[in-house]
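Letters A, B, ... mirror the listed sequences (proteins, then strands); counts begin at 1. Only heavy atoms go into these numbers, but all of them, side chains included; no hydrogens, no water, no symmetry mates. No experiment lies behind these values; they were computed from the predicted model shown.
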Amino acid sequence: MKADFSKTYNPGEVESRWYGWWESQGYFRADANSTKPAFAIVMPPPNVTGSLHIGHMLNNTVQDAIIRRKRMQGFNTLWLPGMDHAGIATQWVVERELRKEGKTRQELGREEFVKRVWKWKEEYGGNILRQIRRIGSSCDWSRERFTLDEGLSRAVREVFVRLYEENLIYRSKRLINWCPRCMSAISDLEVKYKSSDSKLYHVRYPVKDKPDEFIEVATTRPETMLGDTAVAVNPEDVRYRGRIGQQIILPLVGREIPLIEDSAVDLKFGTGAVKVTPAHDLADFEIGQRHHLAQISVIGEDATITAEGGVYRGLDRFAARKKIVEDLEAQGFLVKVETLKNNIGECERCSTSVEPLLSTQWFVKIQSLADPAIDAVETGRTEFVPSNWSKTYFEWMRNIRDWCISRQLWWGHRIPAWYCSCGEIIVARVDPVQCSKCGSSELRQDQDVLDTWFSSGLWPFSTLGWPDQTADLKAFYPGSVLVTAYDIIFFWVARMMMLGLKFMNDVPFRAVYITGMIRDAEKQKMSKSKGNVVDPLEICDKFGTDAVRFAFARMGAPGTDIAVSDSLLDSYRFFATKIWNAGRFISQHVAASDRLPSIEELRNTNLALVDRWILARLARATQEVRASMEQYNLHEATRTIYRFFWDEFCSWYLEMTKLHPEQSKATLLYVFESALRLLHPFMPFITEELWQGIPHTGESIVIAPYPELESHADDEKAELHAEMVQDLITKVRNIRAEMNVDAKQTVKLRIASTDAGLAALIDEAKNYIHRLASVESIELVAALSGDRLSAQAVAAGCSIEIPLAGVIDPAAERSRLAKAREKLIQEVAGIQNQLSNPDFVSRAPSEVVDEKKRRQVELQDQIEKLSAGIDRFD
RNA sequence: GGGCGGUUAGCUCAACUGGUAGAGCAUUCGGUUUACACCCGAAAGGUCAUAGGUUCGAAACCUGUACCGCCCACCA
């Protein structure tokens, strides 16, 4: 260990020291041919456009803590990293760059544009991966993948072709969500609904041949009336009895449309009559299908009115709305305008209002894929952590709709379908050169690419070499756990489940660990527009990566959001400093000849009470950490480690061993080294740094064994005795503080006991009491003096007394004792109440009853002893 | 309209399978004890949102209510 380290831990230098070495040593590399049990995690691939954001940091912290522990436990661990090509998002970024140069992708042409995106990817794509290294994530970089690389593209193609061959992929003209800015179809999930203040226009539609009759409809989108092909009412609605079948003249257009009935219409809303526009509204589309209505597309892909819109042709949809409302009003069709709160669908990425359009697209027929995926979670083959997220998953899966997978983009996996002028569609694993039906070589490949999530849905097996039957696939599928935030359960988790079960006949992972979201100190969601985004690398620089990781693990119970604040991060920065200083202290006692003892060696030496105690506490902490980690409760594991390290190891043990550093050195080294190993999955850098500086075996803490429970470390007697000593010290300190005894002033301690065992214990522990409570002498007496110039307390089951002539205020002492007694009296009253209840005694488990009785006796004894102290003043 | 989660000390959060609540920060008091003032010691602070129910016993289980948050949904 370096001799010149600072009193305050300086994480920057230490954190830059180790990662390169770990990686070059190959510690993170998995071995497909290992005989050790496998433990595999695939990293949710970040977008190639991205830089590390705070959510990645949380996600990576959890994964890394899990995988590092498993690695230390001797598993053959694989943490597979990679990136997602992120179709729309990446294309958008590169297009924006082009625009700055005054160009468009259309000017460049498809081939040149895609080249340009690849160039962009090579230049910036690795950025986030470097950042992931920076935060210590122990991934196997030799297996890094990209969703558009050759192997994964082959998997995508194979899956597409197989699904097509099984009729699970089809091409169809249907109503889809269209983003007029992205100029592409988007899936249902990519539409975000935003509550908005809209206007509800009431419009009178005249009835044919009945100049006095009208049907009044209400709409928020009057421009779509150009495409109306019916008006619908609820069959139960008495207002329209006898009018069904009437022909209605569509204002401004003059088209005759029928009045129909359909139970989807809500008779309580508006006038109970709905204009039906099958080509621009999903509900209307469905009504249209039921009634075989014509579908008239009046809004085009660019969101302007089509030729079907007559005089409104070419107007943007919102301009058209304005004009149509004006015209309706001018012609006397507009009845009134109300305000209304409704939800407007927007493109998730660019916030443009989504336009439902009739369009020919590719779809995945989803039901037969969803059923096994539902079953897998129902039967527990894949488990959500925490389990309640499975409800969210079921909710979506049970109401799933076919998945629109084609996107009108250039960046992505091109759809492997070719069209022949004879009408034949060829979907093939190998690019066809001629039509299988007519022999023509004039084939044209589909222009569209696949939804990004189609390829990331294959991630758990495509990254392992599928469709080849590779050794990796055999060793590492299914994965052990997937770590992700709840916002992509539908987008990604559900699709991996469906596709994994379909193509691998097994779930892609045994568990899905759902993390919460990181929020700002006010618990607000972070967003660029709010300006409250915290850059993870900035806080790592400021507080230390280890501290940030520990904070995230400590605060991030599964599924729980974390509010990050400076004060939160500070407390774990202080913890890192604490660890550092403990290491600094210990290093001062380490000689070059020291080596790390085994637990057997320790047990065979004559250990001091405190040594046996700390070993017992270490064993307990180890056991608790194990139990917590097995259930992915990182927040419990970190709490245990924090408490053990700070309160027990530093505050009690280190202070006590200062009396006999040489005698305790072996235990001290053993426990500190073990504590570093317990901590390592959470704080990889500082633990390696300190571990390398003390006696250890092996070359890196990364591959040192994780502490496991050693049964022979159980030592209840040592725990009990140490607690008695600590109780004595604490009570003396308490009296000193309450009575304002000068810190430099030592005191005399008298303990009322004739017990030989206690006498032996006190003899063994007297130096600790002297040192830690500033006691100059300890005397065991048969009875306390009972004078009024001393303070009393009950500790370790005995009355104790500290003579404080000249310092003590008898009134204060009396009230102090009375207060202490009152607390005990209240507790004992509660217990007596229970014990006097015959139902409790007969029905509660006997251990509980016995424990209550034992506690009652103990409390009564303490109360009596305190009472004796109080009686002195009466 | 459905679903999920939350409501515990001033603040941020714990409390494993029911046995009258813990930590960090903040607060008060005392400390230049040679690892650490990013520290040490001591203390104060909670009718666990609310009303019922189950139980010998409820922060925990059940039901209702209030408030907050999130997700889903074809309210024109």
Quick one: list whatever passes side chain to side chain donor-acceptor pair (under 3.5 Å) with A:D266, sequence neighbours left out.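 For A:D266, no residue satisfies side chain to side chain donor-acceptor pair (under 3.5 Å) once neighbours in sequence are set aside.
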
Under the side chain to side chain donor-acceptor pair (under 3.5 Å) test, residues paired with A:D742 that sit two or more places apart: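 In terms of side chain to side chain donor-acceptor pair (under 3.5 Å), with neighbours along the sequence ignored, A:D742 is linked to no residue.
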
Sequence neighbours left out, what passes ring-ring contact (aromatic ring centres under 6.0 Å, His included) with A:Y486? Give chain and number order.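 Scan of A:Y486 (ring-ring contact (aromatic ring centres under 6.0 Å, His included), adjacent residues dropped) gives A:W389.
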
Tabulate atom names and distances for all N/O pairs under 3.5 angstrom spanning the protein and nucleotides 21-24 of chain B.
residue	atom	partner	partner atom	Å
B:G24	O2'	A:S571	OG	3.3

In the 5'-to-3' direction, what one-character label does each nucleotide of nucleotides 36-44 of chain B receive under the scheme B = base within less than 4.0 Å of a protein heavy atom, S = sugar-phosphate only, - = no such atom? BSBSSSSSS

So, is [X] close to the [N] phosphate, meaning a side-chain N or O under 4.0 Å from OP1 or OP2?
| X | N | value |
| --- | --- | --- |
| A:H635 | B:A15 | yes |
| A:K525 | B:C71 | yes |
| A:K391 | B:C71 | no |

Nearest listed nucleotide, side chain of A:E286, among B:G19, B:A15, B:C74: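 Nucleotide nearest to A:E286's side chain: B:C74.
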
Polar pairs (N or O, both sides) under 3.5 Å between protein and nucleotides 30-33 of chain B?
none

Any luck finding a side-chain donor-acceptor pair between A:T277 and A:K275 under 3.5 Å?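 A:K275 and A:T277 do have a side-chain donor-acceptor pair below 3.5 Å.
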
Identify, with sequence neighbours excluded, every residue that meets salt bridge (charged side-chain N to carboxylate O under 4.0 Å, His left out) alongside [X].
| X | value |
| --- | --- |
| A:K192 | none |
| A:R221 | A:E223, A:E355 |
| A:E673 | A:R677 |

Test of understanding: with side chain to side chain contact (heavy atoms under 4.5 Å, CB included), list the residues that count as partners of A:N388, not counting sequence neighbours.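 Checked A:N388 against side chain to side chain contact (heavy atoms under 4.5 Å, CB included); matches are A:P386.
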
Spacing of A:K199 atom NZ relative to B:A76 atom P, expressed in whole Å: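 Roughly 16 Å, once rounded to whole Å.
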
Distance check needed: B:A76 P versus A:N343 CG, whole Å only.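 After rounding, the gap between these two atoms is 8 Å.
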
Not counting sequence neighbours, list each pair that qualifies as a salt bridge (charged side-chain N to carboxylate O under 4.0 Å, His left out) and has a residue in residues 383-397 of chain A.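 Residue pairs passing salt bridge (charged side-chain N to carboxylate O under 4.0 Å, His left out), neighbours aside: none found.
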
Dot-bracket encoding of pairs in RNA chain B, which uses [ ] for pseudoknotted crossings and | for another strand, Watson-Crick or G-U under 3.5 angstrom: (((((((..((((.....[..)))).(((((.......))))).....(((((..]....))))))))))))....

